[in-house]
Amino acid sequence: MSMIIFEHIRDFDLGETLSCGQSFRWRRQGDGSFAGVVYGRRVTAVLDGDRLLLDGADEEDRALWEAYFDLALDYGAVKERLSALHPEMAAAAHYAPGIRILRQEPFEALITFIISQNNNIKRIEGIVDRLCEHFGEPIGGGAYAFPTASRLAALEPDDLMPIRAGFRHRYIIDAARKVDAGEVDLEAIRTLPYDEARRSLMTITGVGVKVADCVLLYGLHRLEGFPLDVWMKRAMTTLFDGMDPSDFGEYAGIAQQYIFHYARMHDALFR
DNA sequence: ACCCAGGAAATTC
DNA sequence: GAATTTCATGGG
């Protein structure tokens, strides 16, 4: 069994990063490690001091995992810059200083955030699990890859009944078909100007401004993205009145993740 | 029974 | 055009 080790890791916490609402396929194990499937590979992640251990990962995929956990970006420096903007920003970053923005599979980010609309995180995870079990490739150990666009594109909305995603079924199928046909080119969107990228994603039924921003931030690593969901809108009026997403600069998306998690963990403050 | 959930589409005013 | 309702499903 293979394993990769990353040394001298800072500003990183697996629990904070994998349980802050940006991804839906990681599970905390009884021993405190996290099991997940990424890019069709099943791994178990453990942070031992300043060493990140990825059990089940291959050495030839080192660059992929470094990118996935965004290990090349100095989050300490980012936090300093953001914290200087506003005292509440500093408080949010201090609350969960180990959050990083993952580079998820773009198609997975698209589908999971379509599923996220008018939904809660617990149920989103269940729907995503069932989607993978029913339509993803088995990769051993009872694990499944995230379904491909072409597999889902061949289905009809009613074929998704077993995953119990309700009115989102037709949104998922429309997204898969547009991606499969190249009508929405996720890799081309990666380098488009932000507004054009957003407009292209919004040609999919069921993708509005907020879901498009999530796909850009979590799937295409556009760190200027600033998804405004109900929690973020509350936080902006309560804590950052008068501030605009663009005021957070090129790392606005990272600021957003600190704030989102902080708001959700302090819901009494935002009612 | 009622309300809400990391929204967006459909309908109504 | 802006405001309101509806859309499945599950948990509190």
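Every chain is numbered from 1, with letters handed out A, B, ... down the list of sequences. None of the values given here were measured: they were computed from a predicted structure.
Summarising the geometry, the separation between CZ on A:Arg264 and P on B:dC4 is reported as 18 Å, rounded to the nearest angstrom. Between A:Asp129 atom CG and C:dG10 atom P there is a gap of 14 Å when expressed in whole angstrom units. A straight line from CH2 of A:Trp231 to P of B:dG7 spans 11 Å, rounded to a whole angstrom. Going from atom CG of A:Leu160 over to atom P of C:dT9 covers 12 Å, rounded to whole Å. Straight-line distance from the CG atom of A:Asp229 to the P atom of B:dA5: 10 Å, rounded to whole Å. Atom NE2 of A:His261 and atom C1' of B:dG6 are 14 Å apart (whole Å). Distance, A:Glu125 CD to C:dG11 P: 13 Å, rounded to whole Å. Rounding to whole angstrom units, CD1 of residue A:Ile124 and P of C:dT9 are separated by 16 Å.
With ring centers used as reference points, A:Tyr95 lies under 6.0 Å from A:His266. Centroid-to-centroid, the aromatic rings of A:Tyr75 and A:Phe12 stay 6.0 Å apart or farther.
Without hydrogens or angle criteria, A:Ser2 side chain to A:Ala57 main chain gives a donor-acceptor distance under 3.5 Å. Although no hydrogens or angles enter the test, the distance criterion places a donor-acceptor pair under 3.5 Å between the side chain of A:Glu105 and the main chain of A:Tyr39. A donor-acceptor contact shorter than 3.5 Å is absent between the side chain of A:Asp48 and the backbone of A:Arg51. In this structure, the side chain of A:Gln22 engages the main chain of A:Leu102 through a donor-acceptor pair within 3.5 Å. Panel note: side chain A:Gln257, backbone A:Cys20; a donor-acceptor pair is recorded below 3.5 Å. With hydrogens and angles disregarded, no donor-acceptor distance shorter than 3.5 Å links the side chain of A:Ser200 to the backbone of A:Glu196. Side-chain atoms of A:Asp13 come within 3.5 Å of backbone atoms of A:Glu16 as a donor-acceptor pair (strictly under, hydrogens ignored).
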Give the dot-bracket line for DNA chain C from 5' end to 3' end: parentheses for intra-strand Watson-Crick or G-U pairs under 3.5 Å, square brackets for crossings, | for inter-strand pairing, dots for unpaired.
|||||||.||||
Distances for protein N/O vs nucleotides 1-3 of chain C N/O pairs under 3.5 angstrom?
none

I'd like a list of close polar pairs between nucleotides 4-8 of chain C and the protein, N/O only, cut-off under 3.5 Å.
from: C:dA8; atom 1: O4'; to: A:Phe167; atom 2: N; distance (Å): 3.1
from: C:dA8; atom 1: N6; to: A:Asn118; atom 2: OD1; distance (Å): 2.9
from: C:dA8; atom 1: N1; to: A:Asn118; atom 2: OD1; distance (Å): 3.2

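Sorted by first and then second residue, the salt bridge (charged side-chain N to carboxylate O under 4.0 Å, His left out) pairs involving residues 69-98 of chain A (not counting sequence neighbours) are A:Asp11-A:Lys79, A:Asp70-A:Arg103, A:Arg81-A:Glu250. The list of salt bridge (charged side-chain N to carboxylate O under 4.0 Å, His left out) pairs with a residue in residues 208-222 of chain A, not counting sequence neighbours, reads A:Arg198-A:Asp213, A:Arg222-A:Glu224. Residues in residues 110-133 of chain A take part in these salt bridge (charged side-chain N to carboxylate O under 4.0 Å, His left out) pairs, two or more places apart or across chains: A:Arg27-A:Asp129.
Within residues 243-259 of chain A, the residues that place at least one heavy atom under 4.0 Å from DNA chain B are, in residue-number order, A:Gln256, A:Gln257. Residues from residues 208-220 of chain A placing a heavy atom under 4.0 Å of any atom in DNA chain B, listed by number, are A:Gly208, A:Val209, A:Lys210, A:Val211, A:Tyr218. A heavy atom lying under 4.0 Å from DNA chain B marks none of the residues of residues 89-114 of chain A.
Nucleotides C:dG10 and B:dA9 are separated by 22 Å at their C1' atoms, to the nearest Å. Taking atom P on both C:dG12 and B:dG6, the two are 13 Å apart, rounded to the nearest angstrom. Of the C1' atoms belonging to C:dG11 and B:dA8, the separation is 23 Å, rounded to the nearest Å.
Under the 6.0 Å distance and 45° angle rule, A:Arg62 counts as a cation-pi partner of A:Phe6.
Applying the side chain to side chain contact (heavy atoms under 4.5 Å, CB included) test between A:Val179 and each of A:Asp185, A:Leu186, A:Ile111, A:Leu152 identifies A:Leu186 as the sole match.
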A:Lys178 vs A:Asp174, test: salt bridge (charged side-chain N to carboxylate O under 4.0 Å, His left out). Steps then yes/no.
CA-CA 6 Å; A:Lys178 286 197 166 91; A:Asp174 187 61; 2.9 Å; yes
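Annotation: salt bridge (charged side-chain N to carboxylate O under 4.0 Å, His left out) contacts of A:Arg25 (sequence neighbours excluded): none. Here A:Tyr218 pairs with A:Phe113 under the ring pair (Phe, Tyr, Trp, His ring centres under 6.0 Å) rule; sequence neighbours left out.
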Enumerate, atom names and distances included, each donor-acceptor pair closer than 3.5 Å involving a side-chain atom of residues 154-167 of chain A, sequence neighbours excluded.
from: A:Glu156; atom 1: OE2; to: A:Arg177; atom 2: NH2; distance (Å): 3.2
from: A:Asp159; atom 1: OD2; to: A:Glu156; atom 2: N; distance (Å): 2.8

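Side-chain contact between A:Ile127 and A:Thr112 is absent, with no heavy atoms from C-beta onward closer than 4.5 Å.
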